[in-house]
2 protein chains.
Amino acid sequence: MLRLSTRGQYGVRAMFEIARGWPHRPVSLKEVSRRQDVSVAYLEQLLGKLRRAGLVVSVKGPGGGYLLSRPPERISIGSILKELEGPVALTACVQDPRKGCVRVEGCVTSLLWRALGQRIEQFLDTITLADLLNTNALRRQVRKEAQSA
Amino acid sequence: MLRLSTRGQYGVRAMFEIARGWPHRPVSLKEVSRRQDVSVAYLEQLLGKLRRAGLVVSVKGPGGGYLLSRPPERISIGSILKELEGPVALTACVQDPRKGCVRVEGCVTSLLWRALGQRIEQFLDTITLADLLNTNALRRQVRKEAQSA
DNA sequence: AAAATACTTGACAAATTTGCTCAGGTATTT
DNA sequence: AAATACCTGAGCAAATTTGTCAAGTATTTT
């Protein structure tokens with residue numbers, strides 16, 4: 001249950017590769033494709049969204065590629081996933097209040113989904129690309145999150 | 001992102017209704033259907049799985065229905081979802097280690113998905129049907145979980 | 001015994017989502 | 001003008017989801 005689609009997975013991995021070029025070197029999709037084993041065509045689709053969302057800027061022409069639009073510590077994993085897969089929305093009634101619960105009793109569970117969704121978002125918003133660039137920092141971060149739970 | 005399928009949602013709602021009959025009164029799918037607005041045929045599919053998993057027992061004949069197999073405080077939301085939707089598995093490489101990451105770098109993200117998955121499971125295993133039966137208890141529970149995060 | 005209630009199983013089908021590819025563009029540098 | 005690389009939208013096959021349907025079996029009531 002709760003599978004993350006490849007859009008999100010590849011998107012984060014691509015952003016990780018692009019983050020490695022920060023702050024000067026644009027990273028081409030060809031390079032991302034080679035390192036992460038994802039087709040250029042698919043990456044184009046994903047990066048288009050991330051560019052329109054303002055997470056990266058593109059540099060055209062030879063030697064071009066993508067650059068982070070701001071420092072890696074200011075780009076959370078959550079912000080990437082949100083653009084590629086939409087907001088965390090475990091159920092329809094949480095995402096869209098108009099699609100209300102059929103019965104009052106149903107809302108008891110909606111409280112649950114809402115609470116879980118918030119926890120997931122909080123986790124994903126806490127981890128940034130900077131953490132991915134430094135595995136040790138990531139381990140620390142994850143442990144901190146875990147022990148507090 | 002991270003949508004919960006209707007199988008899981010309806011399953012939990014159905015278990016909530018069945019829990020209301022605890023410990024004597026079997027609750028029929030007809031009743032669950034009426035209260036939760038889900039077709040009997042679909043519920044049959046879901047409850048069959050939950051019965052085979054040992055979460056409920058069935059009582060045939062008139063006045064029959066389903067009963068929890070153990071007290072509501074010993075049936076977690078996680079155990080229900082696990083039967084209906086399989087284990088939390090955000091990515092293939094977390095679920096099945098043989099489907100390893102393509103590159104060493106990819107494993108950096110796998111650490112992330114693993115950590116998030118664990119947090120989700122821990123949350124879902126903490127909340128039980130007993131909490132759903134008592135909205136106040138649920139609110140307390142959710143708040144406790146939240147503040148510790 | 002017959003009728004009514006209710007669970008049981010497996011097959012199947014429509015709708016949706018996923019996971020891409022492809023063709024043809026545009027912009028920039030050498 | 002040639003090469004590099006981004007950009008866009010359409011399209012499509014496979015998988016998954018979200019159910020329905022038919023034909024049972026078991027139990028109780030009359």
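The sequence lines fix the lettering, A, B, ..., with proteins before strands; numbering per chain opens at 1.
The side chain to side chain contact (heavy atoms under 4.5 Å, CB included) search around A:E83 returns A:L50, A:A53, A:L55, not counting sequence neighbours. Remark: A:P71 pairs with A:W22, A:E73, A:R74 by the side chain to side chain contact (heavy atoms under 4.5 Å, CB included) rule, at least two apart or across chains. Residues passing the side chain to side chain donor-acceptor pair (under 3.5 Å) test with A:S5 are A:E85, sequence neighbours excluded. Shown here are the side chain to side chain donor-acceptor pair (under 3.5 Å) partners of A:T6, two or more places apart in sequence or in another chain: A:Y42. Partners of A:R25 by side chain to side chain donor-acceptor pair (under 3.5 Å), not counting sequence neighbours, listed by chain and number: A:E31. Looking at residues two or more places apart in sequence or on another chain, you find no side chain to side chain donor-acceptor pair (under 3.5 Å) involving B:E121. With sequence neighbours left out, A:F123 forms a ring pair (Phe, Tyr, Trp, His ring centres under 6.0 Å) with no residue at all.
Taking only side-chain nitrogens and oxygens, A:S58 never comes nearer than 4.0 Å to OP1 or OP2 of D:dA5. For A:S5 and C:dT18, the shortest distance from a side-chain N or O to OP1 or OP2 is not below 4.0 Å. Contact annotation: B:Y10 does not reach the phosphate of D:dT18 (side-chain N/O to OP1 or OP2, under 4.0 Å).
Atom CD in A:Q9 sits about 12 Å away from atom C1' in C:dT18, given to the nearest Å. Nucleotide D:dA15 holds its C1' atom 14 Å from the CZ atom of B:R3, rounded to whole Å. Distance NZ (A:K30) to P (D:dC7): 17 Å, rounded to an integer number of Å. Distance, A:L2 CG to D:dT16 C1': 15 Å, rounded to whole Å. For the pair A:L4 CG and C:dT17 P, the computed distance is 17 Å after rounding to whole Å.
Evaluation of the ring pair (Phe, Tyr, Trp, His ring centres under 6.0 Å) test over residues 55-76 of chain B, restricted to residues two or more places apart or in two chains, returns none. Residue pairs meeting the salt bridge (Lys or Arg N to Asp or Glu O under 4.0 Å) criterion with at least one partner in residues 48-70 of chain B, sequence neighbours excluded, are absent.
Nearest to the side-chain atoms of A:Y66 among the listed nucleotides C:dT21, D:dG19, D:dC7 stands D:dC7.
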B/S/- contact track for nucleotides 24-30 of chain D, protein heavy atom under 4.0 Å: -BSBB--
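Contact check of residues 40-55 of chain B against DNA chain C (heavy atom, cut-off under 4.0 Å) returns B:E44, B:R51, B:R52. Contacts between residues 21-29 of chain A and DNA chain D, defined by a heavy-atom separation below 4.0 Å, involve A:S28, A:L29, listed by number.
In this structure, B:R13 CZ and B:D37 CG are separated by 8.0 Å, a value rounded to the nearest 0.5 Å.
A:I75 pairs in a side-chain contact (heavy atoms from CB on, under 4.5 Å) with only one of the listed residues (A:I18, A:L68, A:V56, A:T128), which is A:L68.
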